[in-house]
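First up is the structure itself, then whatever we jot down about it.
Because the structure is a prediction, the values reported are computed rather than measured. Order of listing sets the numbers, starting from 1, for every ligand and every atom in it.
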Amino acid sequence: MKASVLDGLAIASEIRAEAASTALTLIAKGTTPALAVVLIGDNPASASYVGSKVKACAECGIKSIKKEADISISEAKLINIINDLNKDSSVHGILVQLPLPDHIDENRVIEAIHPDKDVDGFHPVNAGRLVAGIDCLAPCTPAGIPELLSRSGYEISGKHAVIIGRSNIVGKPIMNLLIQKGKNANCTVTCCHSGTPNLSTYTKQADILIAAIGVAEFVTRDMVKPGALVVDVGINRVNDDSRERGYRLVGDVDFDSVSKIAEAISPVPGGVGPMTVAMLMKNTVAAATKLDN
Ligand code: NAD
């Protein structure tokens, strides 16, 4: 068996086109959806993520406002920037690129963002709404996963989803999305983590296996049930002298071996990654639509 590849690039482009169409409707009514992206310091990976978000905004007809500050900025000053963006009615989404420097408390910064402008979906109010099954801005990477599966033609309702990873930005929100009663969810969910003994006992029961660990090619063929749907969230750099930049990106799943037994698998790159940016565009136009009413 050879797994079909979940084409995140193609599905992300579908979602971006839908966001662009919503943006056009808003613009016709006099509201240009706008996303403020706050970048602290000069971390190249953060700058590259911000660059791809700004580019996606331009393609979707969303205005982007880039706020940059030196790595030495104080927490109070950063929160002032956020407060100004909260008050600015022409700004609909606010995203602070993580990670932040060590002297700044990430939680306090996230809590400073108005929940209705929290397009990353990390604010505790949105996290709580997600748990309670109330309409909210859900975190982009997790929200992209049911979209990726359902738009690839897979029914997920009633399936056993096993997640590896319990972070606040990936593992826990995926768990809370998939367990909800409703469309694109309704799964039986098991969440595994670094404290789970005999991990493969659980992963081998998964109809849908989601890896969000941060360890290159951690999930091997022997850990996967034949015919499973495998979603690889991981983005890891491994040294590769054959590449000009000296590394290549791999996921948390050993693609070559697992793709021999899975029904479908998401590649890295080209799977979950592009979906994340597309879902950010979707959240931004959703926030603008709500704030416009
Ligand atoms: P994290 O470090 O916060 O969490 C990793 C999780 O893996 C932890 O909850 C931990 O309990 C679990 N874990 C670690 N070792 C384990 C083991 N041996 N057995 C079982 N569980 C184990 O990472 P994160 O922020 O959740 O990100 C996970 C991965 O997803 C990273 O590679 C990250 O780069 C990637 N990521 C990708 C996107 C995207 O857009 N594609 C977005 C966010 C994160």
Report task. Would you indicate which of Gly251, Ala212, Pro142, Gly171 comes nearest to atom 6 (C) of ligand 1 when only heavy atoms are counted? Result -> Ala212
Query raised in the report: Against heavy atoms of Thr276, which atoms of ligand 1 measure under 4.0 Å?
Result: 39 (C), 40 (O)
Query raised in the report: Which protein non-hydrogen atom lies closest to atom 2 (O) of ligand 1, naming both residue and atom, and how far is it?
Result: Ile213 O, 4.3 Å
Query raised in the report: In terms of hydrophobic clustering (I, L, V, M, F, W, Y; side-chain heavy atoms under 4.5 Å; direct or indirect links), are Leu6 and Ile174 co-clustered?
Result: yes
Query - Shortest protein heavy-atom distance from atom 3 (O) of ligand 1, along with the residue and atom involved - result: Ser167 CB, 3.3 Å
Query raised in the report: Given Lys117 and Leu85, is the side-chain contact (heavy atoms from CB on, under 4.5 Å) satisfied, shown in steps?
Result: CA-CA 9 Å; Lys117 295 191 178 188; Leu85 294 167; 5.9 Å; no
Query raised in the report: After noting the C-alpha distance and the side-chain angles of Met281 and Glu59, does the key distance pass the side-chain contact (heavy atoms from CB on, under 4.5 Å) rule?
Result: CA-CA 10 Å; Met281 300 300 107; Glu59 284 165 14; over 6 Å; no
Report summary line: If you scan protein heavy atoms around atom 44 (C) of ligand 1, the nearest is Val170 CG2, 3.8 Å
Query raised in the report: Applying a 4.0 Å heavy-atom criterion (strictly less than), which segment of Asn236 is in contact with ligand 1: side chain, backbone, both, or neither?
Result: side chain
Query raised in the report: Counting distance only, does the side-chain N/O of Ser74 pair as donor-acceptor with the main-chain N or O of Lys77 below 3.5 Å?
Result: yes
Report summary line: Closest to atom 37 (C) of ligand 1 among protein heavy atoms sits Val233 O, 3.1 Å
**Report entry** atom 42 (C) of ligand 1 [closest protein heavy-atom partner, distance rounded to 0.1 Å]
**Finding:** Thr141 OG1, 3.3 Å
Query - Distance from atom 10 (C) of ligand 1 to nearest protein heavy atom, with residue and atom - result: Ser194 N, 3.9 Å
Query - Per-atom contacts, ligand 1 versus Gly165 - under 4.0 Å to a heavy atom - result: 6 (C), 7 (O), 9 (O), 12 (C)
Report task. Search all heavy atoms of Gln180 against all heavy atoms of Val131 and return the closest pair with its distance. Result -> NE2-O, 3.3 Å
Query raised in the report: Pick one: which of Leu149, Asp207, Thr188 meets side-chain contact (heavy atoms from CB on, under 4.5 Å) with Lys159?
Result: Asp207
Report task. Following the transitive rule for hydrophobic clusters with a side-chain heavy-atom cut-off under 4.5 Å over Ile, Leu, Val, Met, Phe, Trp and Tyr, establish whether Ile145 and Ile164 coincide in one cluster. Result -> no
Query raised in the report: Nearest protein heavy-atom contact for atom 32 (O) of ligand 1: which residue, which atom, what distance?
Result: Ile235 N, 3.1 Å
Report task. Looking only at distances, please establish whether an N/O atom of ligand 1 is found under 3.5 Å from an N/O atom of Val272. Result -> no
Report summary line: side-chain contact (heavy atoms from CB on, under 4.5 Å) test vs Val230 passes for just one of Ile261, Val224, Ile208, namely Val224
Query raised in the report: Which atoms of ligand 1 have any heavy atom of Gly273 under 4.0 Å away?
Result: 41 (N)
Query raised in the report: Run the side-chain contact (heavy atoms from CB on, under 4.5 Å) check on Asp88 and Asp84 step by step: do they pass?
Result: CA-CA 6 Å; Asp88 185 341; Asp84 288 344; over 6 Å; no
**Report entry** Cys192 near ligand 1 by a heavy-atom separation under 4.0 Å
**Finding:** no
Query raised in the report: Side chain or backbone of Ile169 under 4.0 Å from ligand 1, or both, or neither, by non-hydrogen atoms?
Result: side chain
**Report entry** Connected via hydrophobic side-chain network under 4.5 Å: Ile81 and Val37
**Finding:** no
Query raised in the report: If every non-hydrogen atom of Ile169 is compared with every non-hydrogen atom of Pro139, which pair is closest and at what distance?
Result: O-CB, 4.2 Å
Report summary line: Atoms of ligand 1 under 4.0 Å from any heavy atom of Ile164, numbered from 1 in the order shown, are 20 (C), 21 (N)
Query raised in the report: Which residue owns the protein heavy atom closest to atom 31 (C) of ligand 1, what's the atom, and how far is it?
Result: Gly214 CA, 3.6 Å
